[in-house]
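Input: a single structure, listed below in structure tokens.
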Amino acid sequence: MACRSVFDAGVITSEFDKAGISPHFIPCVWKWVARNPSCEWTDIPSLPSAAYLVLNSKFKPLTSTLHSRVDSSDQVTTKLLIKLQNEAFVEAVIMTYDTRLGKYCGKPRPGGLRSTLCISSQVGCKMGCKFCATGSMGFKSNLSSGEIVEQLVHASHISSIRNVVFMGMGEPLNNYTAVVEAIRVMTSSPFQLSLRRITVSTVGITHAISKLHNDLPGVNLAVSLHAPVQDIRCQIMPAARAFPLEKLMDTLQVYQKNSKQKIFIEYIMLNEVNDEEQHAHLLGKLLETFDVVVNLIPFNPIGSISQFRSSSDVKVSNFQKVLRGTYNIRTTVRKQMGQDISGACGQLVVNLPNKRSSVNAELLADIEDLRL
């Protein structure tokens, strides 16, 4: 039987409990491994002798390895290809932002450079969104909570990670238990990320959305809406048939009433599919009773499998003006990052990449700062 990741919180807690070992030693183990991923268990000082026996027989410091790293020519995006214990691969993306470009109470924000990690929750995805490269892989397997956390460990040795977004490979709420457990590890010692700096994205798994606030109060919710009416959603997102738009919006109303938090709405701009002025008005009417931030996402090409084209800058700008001007909905346009290394939104699919050269970079403000 394969050894488990030491960051599989439920498993290590159970094994320590069976061996009569206090759980307060677990954060000590995590801290040591996070700083020294290639360590031996005997390198960790001051553990009970029984802990070394359990760790040696049941766990590995890391079950995954960083197979390759590719830096974008934009100088602010790095894609990580991570090999799992079962020989499968997942991708994660580090994006560097400048917090000074955000706003706080209408004024320039203090701060500086920091990084957001876009993390994967599954190998492949069963949602089958037609504009997303990951969907073309089909669903392979769920990641364990430890495999999810290990992406943060690998990334932390490249950049100081402040925000985490579950917007990589997979539908996070279809791997609900592992994602919730991983986030609880990320927000505890030694990582100590704030729940308010973690965003979970979903196509709209209503039963899981209903549980999310109780299990992770304070975590940000992003909904991949992508269309203002059900028939267009079904056309571009086959899984939407299982989660009708009316039921999804009712679920979001209850979620927002309980959480008292903004909801991020993700909307990919597909030329002549969902980007006309009429679509903007339909979306505005759908969302006008919500406290939301709409993030318009330029479509990123996904090679020969793509049946869509990107909306023009003029169309994107006009769409934004309708939402802002007519409906007073805060609307941003996501900047394209890492497109040259297939690290942009919707482009994550396992490939063995080539290294890229660097040119002048443009630092960006991050959507996660909008809620602060």
Side-chain angles (χ1 to χ4, degrees), residues 7 9-10 24 26-28 30-31 33-35 76 92-105 107-121 143 145-168 172-173 175-202 208-209 211-223 255-256 258-266 291-293 295 330 332 334 363-372:
F7 293 101
H24 87 261
I26 296 174
C28 303
W30 287 344
K31 183 176 181 179
V33 173
R35 291 181 177 178
V76 293
V93 180
I94 302 170
M95 300 160 288
T96 301
Y97 299 92
D98 190 342
T99 59
R100 292 166 296 189
L101 301 178
K103 296 281 188 178
Y104 183 78
C105 296
K107 298 177 182 178
R109 289 173 48 83
L113 303 181
R114 51 97 190 116
S115 294
T116 288
L117 177 64
C118 179
I119 213 164
S120 293
S121 56
L143 299 186
S145 61
E147 289 171 327
I148 295 171
V149 174
E150 285 183 19
Q151 294 172 68
L152 175 59
V153 175
H154 290 300
S156 295
H157 284 266
I158 295 171
S159 182
S160 179
I161 303 298
R162 193 188 73 161
N163 288 2
V164 168
V165 294
F166 281 79
M167 298 180 183
L173 297 191
N175 190 15
Y176 187 87
T177 301
V179 166
V180 169
E181 185 171 276
I183 291 173
R184 286 174 175 162
V185 174
M186 292 176 183
T187 54
S188 62
S189 179
F191 303 104
Q192 300 287 10
L193 294 179
S194 167
L195 266 176
R196 296 189 180 277
R197 299 200 187 280
I198 297 177
T199 301
V200 176
S201 176
T202 178
I209 291 172
K211 298 190 295 181
L212 192 62
H213 172 64
N214 287 334
D215 289 334
L216 295 170
V219 77
N220 294 307
L221 176 66
V223 178
Y255 176 89
Q256 188 151 75
N258 292 335
S259 70
K260 306 294 192 294
Q261 288 179 251
K262 278 186 174 65
I263 297 172
F264 293 107
I265 300 295
E266 298 167 295
D291 183 11
V292 297
V293 174
N295 192 212
R330 190 164 191 177
T332 64
R334 182 174 296 178
L363 292 171
L364 305 169
D366 184 9
I367 189 171
E368 277 68 46
D369 287 325
L370 294 174
R371 73 174 311 287
L372 302 178

Stepwise side-chain contact (heavy atoms from CB on, under 4.5 Å) check, Val180 with Lys211:
CA-CA 11 Å; Val180 169; Lys211 298 190 295 181; over 6 Å; no

Do you know which of Thr332, Val200, Asn295, Asn220 makes side chain to side chain contact (heavy atoms under 4.5 Å, CB included) with Phe264?
Asn220

Give a yes or no answer on whether the side chain of Gln151 reaches the backbone of Ser120 with a donor-acceptor pair at less than 3.5 Å.
yes

Rounded distance (nearest 0.5 Å) linking atom OG1 of Thr199 with atom CE of Met167:
5.5 Å

For a quick test of reading the model, state the closest non-hydrogen atom pair linking Ala92 to Leu117 and the distance between them.
CB-CD1, 4.0 Å

Criterion side-chain contact (heavy atoms from CB on, under 4.5 Å) on Leu221 and Thr202, from CA distance to verdict:
CA-CA 8 Å; Leu221 176 66; Thr202 178; 3.9 Å; yes

May I ask you to test the Tyr97-Asn163 pair for a side-chain heavy-atom distance under 4.5 Å?
no

Which pair of heavy atoms, one from Pro190 and one from Lys31, lies closest together, and at what distance?
CG-CA, 3.5 Å

Working note: Ile148 + Asn175, criterion side-chain contact (heavy atoms from CB on, under 4.5 Å); need CA distance, chi angles, decisive distance, verdict.
CA-CA 11 Å; Ile148 295 171; Asn175 190 15; 4.2 Å; yes

Looking only at heavy atoms, the pair that brings Lys262 and Val293 closest together is CD-CG2, 3.7 Å

CD1 on Ile198 to CD1 on Ile119, rounded to 0.5 Å
8.5 Å

Donor-acceptor pairs under 3.5 angstrom involving side-chain atoms of residues 153-161: please list them, not counting sequence neighbours.
from: His154; atom 1: NE2; to: Ser64; atom 2: OG; distance (Å): 3.0
from: Ser156; atom 1: OG; to: Leu152; atom 2: O; distance (Å): 2.7
from: His157; atom 1: NE2; to: Ala34; atom 2: O; distance (Å): 2.6
from: Ser159; atom 1: OG; to: Ser115; atom 2: OG; distance (Å): 2.5

Mind listing the closest non-hydrogen atom pair of Glu181 and Ser145 along with its distance?
OE2-OG, 2.5 Å

Between Trp30 and Val149, does the side-chain contact (heavy atoms from CB on, under 4.5 Å) criterion hold? Intermediate values first, please.
CA-CA 11 Å; Trp30 287 344; Val149 174; over 6 Å; no

Side-chain heavy atoms of Leu173 within contact of Val179, under 4.5 Å:
no

Over all atoms of both residues, closest heavy-atom pair of Met95 and Cys118:
CE-CB, 3.7 Å

What orientation do His213 and Tyr255 show, parallel under 30°, tilted 30 to 60°, or perpendicular over 60°?
perpendicular

Could you state the interatomic distance from CD (Gln261) to CZ (Arg196), rounded to the nearest 0.5 Å?
5.0 Å

CZ on Arg197 to CE on Met186, rounded to 0.5 Å:
15.5 Å

Would you say the side-chain atoms of Tyr176 and Asp215 include a donor-acceptor pair closer than 3.5 Å?
yes

Do you know which two heavy atoms are closest between Arg162 and Arg114, and how far apart they sit?
NH2-NE, 2.9 Å

From Asp291 atom CG to Arg330 atom CZ, the distance as rounded to the nearest 0.5 Å
10.0 Å

